[in-house]
Structures are given as structure tokens and as C-alpha cells.
Amino acid sequence: MSESVQFDLDVYLRRIGWEGERRADAATLRGVHLAHTRAIPFENLDPLRGQAPSLDPADLMAKLVHSRRGGYCYEHNTLFACALKALGFPVTLLVARVVLGADSIASRPRTHMALLVEVPGEARPYFADVGFGAVGSLLEPVPLVADTEFTGAGRRHRLVHAPHDGPLEMWVLEAHDRVKDDWTAQYAFTLEPFEKPDFDVINWYVGTSPRSPFTRRLYVQNVRADRHLLLDGRLLTETRADGTVTEREVTGEAEARRLLQEEFGISAPEGMTLLTG
């Protein structure tokens with residue numbers, strides 16, 4: 001079965017609430033990107049159960065579009081790539097090293113999926129990512145331009161180059177930290193294209209390895225216009241649009257399940273243990 005048969009653009013756009021134009025232009029790219037990030041939550045319930053989620057477009061439609069579920073980066077960006085291709089955008093799959101909290105770029109493996117999107121008629125491609133589970137994630141794509149600040153839906157980002165030993169330029173996505181008034185590196189990538197079999201391997205490892213953070217504790221996020229909500233294990237963090245941050249611990253399984261249902265829009269599988277450790 002072809003990808004186009006498995007993926008239904010009309011149903012996907014209804015899921016994310018997009019009622020705008022369906023043209024392969026920058027405005028549509030930005031609008032659909034933002035709508036996706038606000039409509040479909042980030043979550044790791046399958047890896048937490050020791051299961052690498054399917055990246056088949058039909059399975060992604062069933063889980064992220066037809067059900068009250070979300071996914072992690074490979075699921076989000078694979079689904080988003082299907083939508084972009086259906087809208088007429090050429091898309092290249094990229095792999096990044098998450099460097100948020102790391103000592104150096106080389107200390108982390110390439111495990112994060114992102115997208116390079118060409119806009120017909122424009123000289124420069126855009127860097128897009130609807131699947132980064134952090135408060136520094138992109139809400140709108142940014143042009144692939146170094147040392148230029150971009151503001152999208154209230155968040156500030158820039159792309160910079162970093163030195164490394166490889167033959168390709170190393171790009172780093174940085175997010176502006178409102179509290180520290182400083183720039184924080186999120187992840188680093190080159191423009192080497194990756195293919196579906198590469199992500200089948202990476203997804204299997206990240207979704208099943210006991211060393212993966214996604215197999216060890218609950219990690220879900222929800223993005224709204226006025227706040228970013230993150231549940232990391234038992235810690236619930238709310239970051240408001242003005243930069244105000246509040247934290248508290250979740251009391252137990254019942255509250256965790258209620259939060260997923262009411263605040264994150266996620267219906268957790270019956271009988272699943274959400275809080276480990």
C-alpha cells in the first residue's frame with residue numbers, strides 16, 4: 001500500500017484544526033506546523049511499556065489522528081512529513097544530536113528526527129520540527145539561515161554553526177531562555193539526508209533500550225498559546241507565555257491518569273502503570 005493511500009490529508013488537517021490554505025508556500029508551512037504542535041501531544045507511553053511505536057503512516061493516522069494519543073519525535077515528524085508531501089512540499093529527513101544539558105555535541109548520539117523543507121519558489125529551505133519534547137522546541141519552522149533570530153508564536157530561536165571534524169557544516173538550533181536572558185543550544189545537525197530504514201533502527205533502539213530515557217519514565221508535553229505543560233516522571237512543570245514557571249509533584253497513578261486525560265488530551269491504555277520508580 002502506498003504512503004498516499006495510508007495517509008489522509010483531509011482527516012489530518014481536521015485533527016489539527018487547520019482551515020487555512022492548502023498551498024505549498026511559507027504561510028501554509030508555518031500555519032500547519034503551529035497547528036500540529038498545539039493539537040497533538042508529545043508522549044512516550046509505548047516506549048514506557050517497552051514497545052517501539054510503528055512509523056507506518058497508517059498506524060500513525062490510527063494513533064495520533066484518530067485516537068486521543070500523541071507520540072515522540074519519529075512519530076510526529078514522520079506524520080508531519082506525510083502532510084507536507086501531500087501539500088506539495090519536498091521534504092528531507094534529518095537526524096540531530098540533542099545537546100540540551102550535554103557537555104559537548106560529540107557526547108550525544110544522533111537520535112532526534114527533524115525535517116528540511118523546500119518551499120517552491122524560495123531560494124532557501126526551512127528547518128522544521130514538530131516533535132521535540134522540550135520548552136525550547138520550535139512552534140514554527142525557521143529559514144535555514146545562520147546567525148539570524150526568528151520569532152515564532154512567541155518563542156525566539158536562531159541557527160548557528162558549530163565547529164566539528166566532519167566535512168559537512170554543523171548547525172545548532174538555539175532557543176532564547178527568557179528567565180536567563182541567554183541562548184541555549186537544543187540540538188545539532190548536519191544536512192545529510194536520512195531514510196526510513198535509518199529511522200526504523202533508531203526508533204527501535206530509543207523505544208526499547210533500557211538506557212533510553214523514554215523507556216524509564218513518563219514524559220508528556222502539551223503546547224498551548226498561553227502555556228507549555230510538561231509531565232516528566234512525577235514532576236509537573238507549567239511554563240507560562242510570560243516565562244513564569246511553576247512546578248509540583250503528582251501524587252499518584254490516579255492523578256497522573258486524570259492529568260493525561262484532562263490536561264494533555266491523552267487516553268492512557270487501561271491497566272498501564274504510568275509512574276515508575
Side-chain angles (χ1 to χ4, degrees), residues 6-8 11-18 32-84 98 111-115 128-140 153 199 202-203 206-208 212-239 250 255-270 272-276:
Q6 298 181 66
F7 177 80
D8 189 319
V11 176
Y12 166 81
L13 293 179
R14 284 199 297 271
R15 169 71 165 97
I16 67 171
W18 177 252
V32 174
H33 191 293
L34 178 61
H36 181 119
T37 60
R38 288 180 173 171
I40 307 178
F42 184 102
E43 52 107 322
N44 67 324
L45 298 187
D46 287 348
L48 194 60
R49 295 188 292 170
Q51 301 174 1
S54 170
L55 302 184
D56 182 86
D59 293 332
L60 294 174
M61 286 290 294
K63 180 183 177 185
L64 278 70
V65 176
H66 292 291
S67 302
R68 284 175 54 84
R69 290 289 304 274
Y72 62 178
C73 72
Y74 317 118
E75 298 171 276
H76 276 279
N77 281 318
T78 298
L79 181 67
F80 188 53
C82 289
L84 293 180
V98 177
T111 58
H112 179 63
M113 182 182 190
L115 307 174
D129 180 6
V130 295
F132 190 49
V135 72
S137 63
L138 288 173
L139 298 183
E140 296 183 0
F199 290 104
I202 300 170
N203 175 51
V206 174
T208 63
S212 168
F214 294 119
T215 64
R216 291 183 290 180
R217 68 182 188 276
L218 181 66
Y219 196 92
V220 298
Q221 76 169 12
N222 178 284
V223 180
R224 297 181 184 174
D226 61 341
R227 72 175 189 183
H228 177 281
L229 196 63
L230 170 67
L231 180 57
D232 184 354
R234 296 176 180 270
L235 182 63
L236 181 68
T237 302
E238 181 184 67
T239 304
V250 174
E255 186 186 13
R257 188 169 288 272
R258 180 188 63 78
L259 284 170
L260 259 61
Q261 182 74 25
E262 298 178 2
E263 298 293 339
F264 292 93
I266 297 171
S267 296
E270 290 297 327
M272 178 184 178
T273 300
L274 299 173
L275 303 178
T276 59

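These values consider heavy atoms only, across backbone and side chains, with no hydrogens, waters or symmetry-generated copies. Residue numbers start at 1 and run along the sequence shown.
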For His76, ring pair (Phe, Tyr, Trp, His ring centres under 6.0 Å) partners two or more places apart | His36
Between CD1 of Ile266 and CD of Gln261, what distance do you get to the nearest 0.5 Å?
-> 9.5 Å
All heavy atoms of Gly207 vs all of Thr215, minimum pair found to be O-CG2, 3.5 Å
Carefully, step by step, assess Thr237 and Leu229 under the rule side-chain contact (heavy atoms from CB on, under 4.5 Å).
-> CA-CA 6 Å; Thr237 302; Leu229 196 63; over 6 Å; no
Are Glu238 and His228 close enough that a side-chain donor and a side-chain acceptor fall under 3.5 Å?
-> no
Give the intermediate values and the outcome of side-chain contact (heavy atoms from CB on, under 4.5 Å) for residues Met113 and Phe199.
-> CA-CA 8 Å; Met113 182 182 190; Phe199 290 104; 3.5 Å; yes
Salt bridge or not for Glu263 and Arg227, using N-O below 4.0 Å?
-> yes
Side-chain contact, heavy-atom cut-off 4.5 Å: Arg69 with Pro269?
-> yes
Correct closest heavy-atom pair for Val206 and Ser212 would be O-OG, 2.7 Å
Which atom names give the shortest non-hydrogen contact between Leu218 and Leu274, and what distance separates them?
-> CB-O, 3.5 Å
Looking only at non-hydrogen atoms, find the nearest pair between Leu236 and Leu259 and report the distance.
-> CD2-CD1, 4.1 Å
When rounded to the nearest 0.5 angstrom, what distance separates CZ in Arg38 from CG in Leu139?
-> 6.5 Å
For the pair Arg15 (side chain) and His66 (backbone), establish whether a donor and an acceptor sit closer than 3.5 Å, ignoring hydrogens and angles.
-> no
How about His33 and Phe80: are their ring centres within less than 6.0 Å of each other?
-> yes
Asn203 side-chain N/O to Ala52 backbone N/O, donor-acceptor pair under 3.5 Å = no
Criterion side-chain contact (heavy atoms from CB on, under 4.5 Å) on Phe42 and Phe264, from CA distance to verdict | CA-CA 9 Å; Phe42 184 102; Phe264 292 93; over 6 Å; no
dist Leu260:CG -> Leu45:CG (nearest 0.5 Å) comes out at 6.0 Å
At what distance, to the nearest 0.5 angstrom, does CG of Leu230 lie from CG of Asn222?
-> 10.5 Å
Separation of Asn44 CG from Cys73 SG (nearest 0.5 Å) = 11.5 Å
Test Leu138 against Phe132 for side-chain contact (heavy atoms from CB on, under 4.5 Å), laying out the working first.
-> CA-CA 8 Å; Leu138 288 173; Phe132 190 49; over 6 Å; no
For the residue pair His112 and Asp129, establish whether any side-chain heavy-atom pair is separated by less than 4.5 Å.
-> yes
Can you check whether Arg216's main-chain N or O pairs, donor with acceptor, with Thr276's side chain at less than 3.5 Å?
-> yes
Drop me the distance from Leu115's CG to Thr78's OG1, to the nearest 0.5 angstrom.
-> 8.0 Å
Can you see which heavy atom on Pro47 is nearest to which on Phe214, and at what distance?
-> CB-O, 3.5 Å
Taking every non-hydrogen atom, the tightest pair across Ala134 and Gln221 = N-OE1, 3.2 Å
Side-chain donor or acceptor of Tyr74 paired with backbone N/O of Pro53 under 3.5 Å = no
Identify all side-chain donor-acceptor contacts of residues 54-65 below 3.5 Å with residues at least two apart in sequence or on another chain.
residue: Ser54; atom: OG; partner: Asp56; partner atom: N; Å: 3.1
residue: Ser54; atom: OG; partner: Asp59; partner atom: OD2; Å: 2.6
residue: Asp56; atom: OD2; partner: Ala58; partner atom: N; Å: 3.0
residue: Lys63; atom: NZ; partner: Asp46; partner atom: OD2; Å: 2.8
residue: Lys63; atom: NZ; partner: Glu75; partner atom: OE2; Å: 2.7

